[in-house]
Amino acid sequence: MRIDAISIFPSYFDALELSLLGKAREKSLLEVNVHDLRDFTHDKHKTVDDSPYGGGAGMLMKPEPWGEALDAILPADGSATVIFTSPAGEVFKQATAQELSSANHLVFACGRYEGIDQRVVDYASTVANVRLISLGDYVLNGGEVAAIAMIEAIARLIPGVIGNADSLAEESHNDGLLEYPSYTKPASWRGLDVPEVLLSGNHAAIGKWRHEQQVERTKNVRPDLLEG
């Protein structure tokens, strides 16, 4: 998979060099290219923002540098998917990560200030697949943190990135439920014991207990997942 990210703070994405994603890049399972939006400006101040038409607080990102950046990055066949990280978009979920993990080319457009001129989104829609995606129902200072979280959630689903692929099937949200609690050695620690069923060797009983724990945890923490 190829991933491009466009930002005025490209060093945010240095975190993608770490851990499993860094190893995935070394193995050529994942290609990540980070672009500084200011490289696509032509004035001495490298200006990327201006005041919004109609008034209002804050500044808006200008269309010209975004247009040049997209023209330089997007393939001519329109096959890439451009993701605008936006609180006005659909909420990112595990199912979203699963869907996007099969893409060949993702481009993350990271806005700042009061966002990006709408014409950039409209133009991108004519040359690529476009998704507006929000990390959650809150506002961040910019799209970089959201993009990094999405990239990690997506990239770890690429075959070969996670060493034990079976672990992906048991994670939270894969079956609409939160993950069950887990334990390791020692069996007793500071007066707290591992549930006896996990020491029994009875895999059917363990499976039943884990599912019950998933349902109970989901009911207590995220009852909305059980609705409908």
Side-chain angles (χ1 to χ4, degrees), residues 1-25 29-41 46 48-49 58-63 65-75 79-125 127-158 161-162 173:
M1 174 187 285
R2 172 178 169 178
I3 293 177
D4 287 273
I6 310 169
S7 166
I8 60 171
F9 295 115
S11 59
Y12 260 101
F13 294 88
D14 290 351
L16 298 179
E17 295 285 353
L18 304 174
S19 190
L20 292 175
L21 295 195
K23 292 179 181 178
R25 296 174 73 175
L29 296 173
L30 181 66
E31 175 189 351
V32 179
N33 307 291
V34 183
H35 310 270
D36 189 340
L37 182 65
R38 295 189 190 278
D39 290 342
F40 299 93
T41 60
K46 297 186 177 295
V48 296
D49 63 303
M59 303 290 278
L60 202 64
M61 300 193 92
K62 295 164 59 68
W66 279 105
E68 291 196 24
L70 292 173
D71 288 344
I73 295 166
L74 294 176
S79 60
T81 295
V82 180
I83 297 173
F84 288 90
T85 53
S86 169
E90 61 181 291
V91 176
F92 186 80
K93 297 181 178 180
Q94 185 66 22
T96 316
Q98 189 69 58
E99 177 188 353
L100 293 173
S101 69
S102 62
N104 291 320
H105 188 185
L106 300 177
V107 178
F108 285 84
C110 302
R112 280 267 157 179
Y113 315 120
E114 296 303 309
I116 303 172
D117 188 302
Q118 177 62 36
R119 290 170 293 180
V120 176
V121 179
D122 296 341
Y123 170 71
S125 298
V127 292
N129 305 306
V130 166
R131 302 276 292 269
L132 270 67
I133 304 182
S134 170
L135 193 60
D137 294 332
Y138 46 86
V139 179
L140 299 169
N141 287 333
E144 291 80 10
V145 171
I148 291 169
M150 293 180 198
I151 290 170
E152 180 159 316
I154 293 165
R156 66 194 303 277
L157 299 176
I158 298 172
V161 172
I162 297 293
H173 304 294

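Note: hydrogens, waters and symmetry copies are ignored here, and every other heavy atom, side chains too, is used.
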Colleague: At what distance, to the nearest 0.5 angstrom, does CG of Leu100 lie from CD1 of Ile151?
Modeller: 11.0 Å

Colleague: Can you see whether Asp71 engages Tyr123 through a side-chain donor-acceptor pair at a distance of less than 3.5 angstrom?
Modeller: yes

Colleague: Please name the pair of heavy atoms, one in Ala69 and one in Leu37, separated by the smallest distance, quoted to 0.1 Å.
Modeller: CB-CD1, 4.2 Å

Colleague: Just wondering, do Val32 and Phe13 contact through their side chains at under 4.5 Å, heavy atoms?
Modeller: no

Colleague: Strictly below 4.0 Å, N to O, side chains only: are Asp117 and Arg119 in salt-bridge contact?
Modeller: yes

Colleague: Determine the minimum heavy-atom distance between Leu30 and Ile3, stating which atoms define it.
Modeller: CD1-CD1, 3.8 Å

Colleague: Check whether any side-chain heavy atom of Leu135 sits under 4.5 Å from a side-chain heavy atom of Thr85, and report yes or no.
Modeller: no

Colleague: Leu157 and Ser101: which non-hydrogen atoms are nearest, and at how many Å?
Modeller: CB-CB, 3.8 Å

Colleague: Identify the two heavy atoms, one from Pro75 and one from Ser79, that lie closest to each other, and give their separation to 0.1 Å.
Modeller: CG-OG, 3.7 Å

Colleague: Taking the side chain as every heavy atom from C-beta outward, state whether Ile116 and Val121 have any atom pair closer than 4.5 Å.
Modeller: no

Colleague: So how far is it from Phe108 CZ to Thr81 OG1, rounded to the nearest 0.5 Å?
Modeller: 9.5 Å

Colleague: Are the side chains of Ile73 and Ile6 in contact, using a 4.5 Å heavy-atom criterion?
Modeller: yes

Colleague: Per the salt bridge (Lys or Arg N to Asp or Glu O under 4.0 Å) rule, what does the pair list look like for residues 90-109, sequence neighbours excluded?
Modeller: Glu90-Arg131, Glu99-Arg131

Colleague: Is there a side-chain contact between Glu144 and Arg112, using heavy atoms and a 4.5 Å cut-off?
Modeller: yes

Colleague: If I take atom SG from residue Cys110 and atom CD1 from residue Ile148, how far apart are they, to the nearest 0.5 angstrom?
Modeller: 8.0 Å

Colleague: Measure the NZ-CD1 distance between Lys46 and Ile8 for me, rounded to the nearest 0.5 Å.
Modeller: 13.0 Å

Colleague: Under 4.5 Å between any side-chain heavy atoms of Arg25 and Leu16, yes or no?
Modeller: yes

Colleague: State, with a plain yes or no, whether a side-chain heavy atom of Leu70 is found less than 4.5 Å away from one of Val127.
Modeller: no

Colleague: Between Val139 and Pro87, which heavy-atom pair has the shortest distance, and what is it?
Modeller: CG2-CB, 4.5 Å

Colleague: To the closest 0.5 Å, what do you measure between OG (Ser102) and CD1 (Ile154)?
Modeller: 10.0 Å

Colleague: Mind checking whether Tyr113 and Leu60 have side chains closer than 4.5 Å, heavy atoms only?
Modeller: no

Colleague: Could you check whether atom CD of Glu68 has more than 12 heavy atoms from other residues, nucleotides or ligands sitting under 6.0 Å from it?
Modeller: yes

Colleague: Got a donor-acceptor contact below 3.5 angstrom from the Ser19 side chain to the Leu21 backbone?
Modeller: no

Colleague: So with a 6.0 Å cut-off around CG of Asp14, is the heavy-atom count from everything else above 12?
Modeller: yes

Colleague: How far apart are the closest heavy atoms of His105 and Asp4, and which atoms are they?
Modeller: NE2-OD2, 2.7 Å

